[in-house]
Structure formats: C-alpha cells, structure tokens
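First comes the structure, then the notes that go with it.
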Amino acid sequence: MPRENLERLAVFASGRGSNLEAIIAASEAGWLGMTIALVLSDVPGARALDLARSKGIPVETIPFDEAAGREAFGEALAGACKGHGVTVVALAGFMRILPESFLTQYPDRVFNIHPSLLPAFPGLHAQAQALDYGVKVTGCTVHLVDAGIDTGPVVMQAAVPVLPGDDVRTLSERILVQEHRLYPRVLSLWAAARIRIEDRRVWIDDAR
Ligand code: GAR
C-alpha cells in the first residue's frame, strides 16, 4: 500500500489558519499525499477551527490549563491525536510550546513553520526582530520540533528580501506567500518518503 494511504496529519493552529488553508488547498488539489485527520486548537473560536469545520475536517479544542500544567496539556494533545489515528503533526501558527509528554509520542514527526530564516530570530515576533536588526534578507523555515524553542532540525527554507519602507505588516505578508508555498511542499515530500533525517541534518530527495 502506498505510504500516502497510511499517514494521517493533524494541523495545530491557534489563530487565523492561513497555512492550514494552504495545506487544505494542497489536499484538495490531490498532491498533499496524506489525509488531514484533525485540526486542533488551544484557542476556542480560532478561525482555523471554523475553516476546518467548513471543510468537514474533525476538530478538537484543548485550551492550556495553567493549574494542570504543561505535561498534562501534552498528554491531552497526544490523547486527541491518538484518538483520531494521527501519525504526523504540523504546527501552523500554534503559539504553545509542546511538552515532552507530547513530543515523545511523535519523535521526528512534528513539523513547525516559523517566519524567519532560523537560527535567526526564534520565538515571538520574528518579522519585527528582523526589521529591528536591520537584515536585508529574512524568510521562513520549516523545521522539525524538538524540546527547544525553534531549535529543531531545519527541513527547508525560503528567503524573502527586506525592502526599503517595509513594516511588520508588509514584510509578514510577503513572508506568508512563501510560507504557503513551502509548508504543503515539505509535507508532501515527507508523505512521499523523500525526507531523511540523520542527526540534525535533513536530506531531501527533490529530484523527481
Ligand atoms: C505564520 O506566519 C507562522 O509562521 C507564524 O504564525 C503565523 C500563523 O499564521 N508562526 C510562528 O510565529 C511560530 N513561532 P496563520 O495562522 O495564518 O497560518
């Protein structure tokens, strides 16, 4: 059986969900290579949830519970994913750090997209960090998630020039165009078993 029939993707999103939208579009166009089995948010009412519902994709909302703590949050996320038969996870604007209790359930199977060329400008407000620093080129990165903040192995990157007069809005918009190209492409390469990880180096068979 081809691998694409086996992989079941969960997309985690806290907000707008434009990357989710790009992933859904790739799925609808027939080249994502896996089933979107779940859209999960920590934010009740997130636009990403409405989008998923409108496409008939199962949704779960799991708000972070301060009193229960991080590891309980991770266990709840993992429980939801297992319940939907999820085999791979894509963070798409998910603004929570995933605890060990989650990551150990999906080793080398959690991707994230970040709006800078990592390791530059990790964490929040990456576009503002790039503007404040004065770099001439920034971009976006798809990486595997490890226990650090935006420190996991880099899978693929796209560069975006910083133009004279750019502000956070204009720069973010241009980076987002590249994010929407990059993320579904990485996921489809992974679904086709064309991504290989050795230590923290990621090799992509992009020839076909
Ligand atoms: C995207 O720009 C994504 O790269 C960023 O949040 C935005 C989500 O947009 N993620 C991070 O900053 C993670 N550190 P979306 O909800 O429209 O996909």
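Counting starts at 1 for both ligands and their atoms, following the listed order. Because the structure is a prediction, the values reported are computed rather than measured.
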- Examine distances only and state if a side-chain atom of Q157 and a backbone atom of L118 form a donor-acceptor pair shorter than 3.5 Å.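 Such a contact is found between Q157 side chain and L118 backbone.
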- Can you sort out the partners of A92 under side chain to side chain contact (heavy atoms under 4.5 Å, CB included), two or more places apart, ordered by chain and number?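 Scan of A92 (side chain to side chain contact (heavy atoms under 4.5 Å, CB included), adjacent residues dropped) gives V11, N19, Y183.
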- With F121 via ring pair (Phe, Tyr, Trp, His ring centres under 6.0 Å) - residues at least two apart: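 Testing F121 for ring pair (Phe, Tyr, Trp, His ring centres under 6.0 Å), a comparison that skips the adjacent residues, returns Y133.
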- Do F111 and Y106 make the cut of ring centroids closer than 6.0 angstrom?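 No, the ring of F111 stays outside the 6.0 Å limit from the ring of Y106, centre to centre.
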Ignoring hydrogens and angles, write down the donor-acceptor pairs under 3.5 Å from the side chains of residues 37-44, residues two or more places apart or on other chains.
residue, atom, partner, partner atom, Å
S41, OG, A13, O, 2.7
S41, OG, V43, N, 3.0
S41, OG, V43, O, 3.3
D42, OD1, S14, OG, 2.7
D42, OD2, R96, NE, 3.2

- Message: With a 4.5 Å cut-off on side-chain heavy atoms, are R8 and V88 touching?
- Response: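 Heavy-atom side-chain distance check fails, nothing below 4.5 Å.
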- Neighbouring residues of ligand 1, heavy-atom cut-off under 4.0 Å: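 Residues near ligand 1: R16, G17, S18, N19, G93, M95, I113, H114, P115, L176, E179.
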